[in-house]
Amino acid sequence: MSWIREGELTIIERFCANIIKAGPMPKHVAFIMDGNRRYAQKCHVERQEGHSQGFDKLAQTLRWCLNLGIREVTVYAFSIENFKRSKEEVDGLMDLARQKFSRLLEEQERLKKHGVCIRVLGDLPLLPLDIQELIARAVLATRNYNNDVSESLLDKCLYTNNSPDPDLLIRTSGEVRLSDFLLWQTSHSCLVFQSVLWPEYSFWNLCEAILQFQMNYSTLQKARDSYMEERRRQQMERDQAYVTKKLQQEGFASHGDSRRRRTLLQKCTAMREERIQGFLQALEHKRADFFERLCTVSA
Ligand code: IPE
Ligand code: IPE
Ligand code: MG
């Protein structure tokens with residue numbers, strides 16, 4: 001049986017899905033799947049059974065998302081802090097992740113037909129080292145070009161760079177914190193905290209979260225647009241200041257003639273783009289190396 005079942009929605013679910021789909025839909029939804037152990041306790045089952053049902057709920061939720069036309073989902077399955085749990089629990093969770101995710105990856109080809117891609121990121125304990133090196137490299141690469149350092153460069157350096165920021169982030173089990181999950185990427189996302197425990201998550205809970213997103217859609221959109229506009233404005237201001245300095249160094253009046261100023265501005269933007277591409281490519285190689293080494297070690 002396929003992990004993400006092909007199953008259709010019930011008639012009533014389909015009816016509501018169609019109504020919801022008439023409004024603006026989130027393209028990317030992130031889930032913090034929380035509450036497995038409380039669920040196990042509540043239902044008097046083993047803790048591992050709670051985690052297992054949590055993974056199965058993920059499969060079901062992915063199917064709902066697919067049916068609702070949500071093509072991108074990011075889930076928080078395990079945090080660095082979770083390594084502090086007992087060895088037995090961590091091993092149990094890792095076994096489940098291996099089992100369920102490898103099945104999901106096997107289904108990749110079929111899912112691609114629906115436009116779904118799967119990316120599993122892990123080994124977070126090694127990430128801080130990676131970040132240290134990234135910062136060191138960035139400092140070296142940009143020491144003569146402070147203008148290169150911007151929020152949009154930081155976006156491009158993150159593991160999530162080829163994915164748009166989540167439109168909606170959902171945390172279950174009544175906890176109202178992000179626990180370090182996608183902190184940078186969710187600054188303009190709709191955050192929805194729901195009291196339901198993850199293994200009990202239902203299609204209706206998902207609809208309720210999407211409705212909250214829709215009710216806040218125009219405010220979120222406005223905030224996002226004005227943030228992007230501000231980023232562009234700041235970059236332009238920095239470039240203008242750089243050109244003014246350059247013109248002064250060359251002995252021109254600070255405003256120079258406008259044609260020369262325009263040419264210099266274009267040149268400075270093109271050169272920055274080239275430097276940034278070089279830096280990002282080097283980073284990508286480093287990352288590929290890192291993952292290759294990781295696979296060799298864990299093979
Ligand atoms: C979330 O459920 C799953 C993981 C963190 C792996 P928990 O295990 O945190 O369950 P609660 O929150 O203690 O009920
Ligand atoms: C949160 O883990 C991460 C996941 C749900 C995977 P916890 O439920 O242990 O939450 P914190 O660390 O107490 O915030
Ligand atoms: Mg928890």
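Read the numbers this way: they start at 1 and go in the same order the structure lists the ligands and their atoms. Note that the coordinates shown come from a computational prediction; the quantities given were computed from them, not determined experimentally.
The protein non-hydrogen atom at the shortest distance from atom 10 (O) of ligand 2 is R171 NH2, 3.3 Å. When only non-hydrogen protein atoms are considered, atom 13 (O) of ligand 1 lies nearest to R37 NE, 2.8 Å. Scanning all protein heavy atoms for the shortest distance to atom 3 (C) of ligand 1 gives N36 ND2, 3.5 Å.
Of the options E175, R38, R177, the smallest heavy-atom separation from atom 11 (P) of ligand 2 is shown by R177.
In terms of N/O distances under 3.5 Å, ligand 1 is not approached by E89. Every N/O-N/O distance between S173 and ligand 1 stays at or above 3.5 Å. Between G35 and ligand 1, at least one N/O pair is under 3.5 Å apart.
Contact atoms of ligand 2 toward A77: 6 (C) (distance under 4.0 Å to a heavy atom of the residue). Applying the 4.0 Å criterion to heavy atoms of H51 picks out, from ligand 1, the atoms 8 (O). With ligand atoms numbered from 1 in the order given, ligand 2 contributes 5 (C) to contacts under 4.0 Å with heavy atoms of I32.
For K57 and E200, the salt-bridge test fails: no basic side-chain N is under 4.0 Å from an acidic carboxylate O. Between D165 and R224 there is no salt bridge, since no side-chain nitrogen of the basic residue lies less than 4.0 Å from a carboxylate oxygen of the acidic one.
Take a cut-off of 2.8 Å around the Mg ion (ligand 3): the protein N, O or S atoms inside it are D34 OD1.
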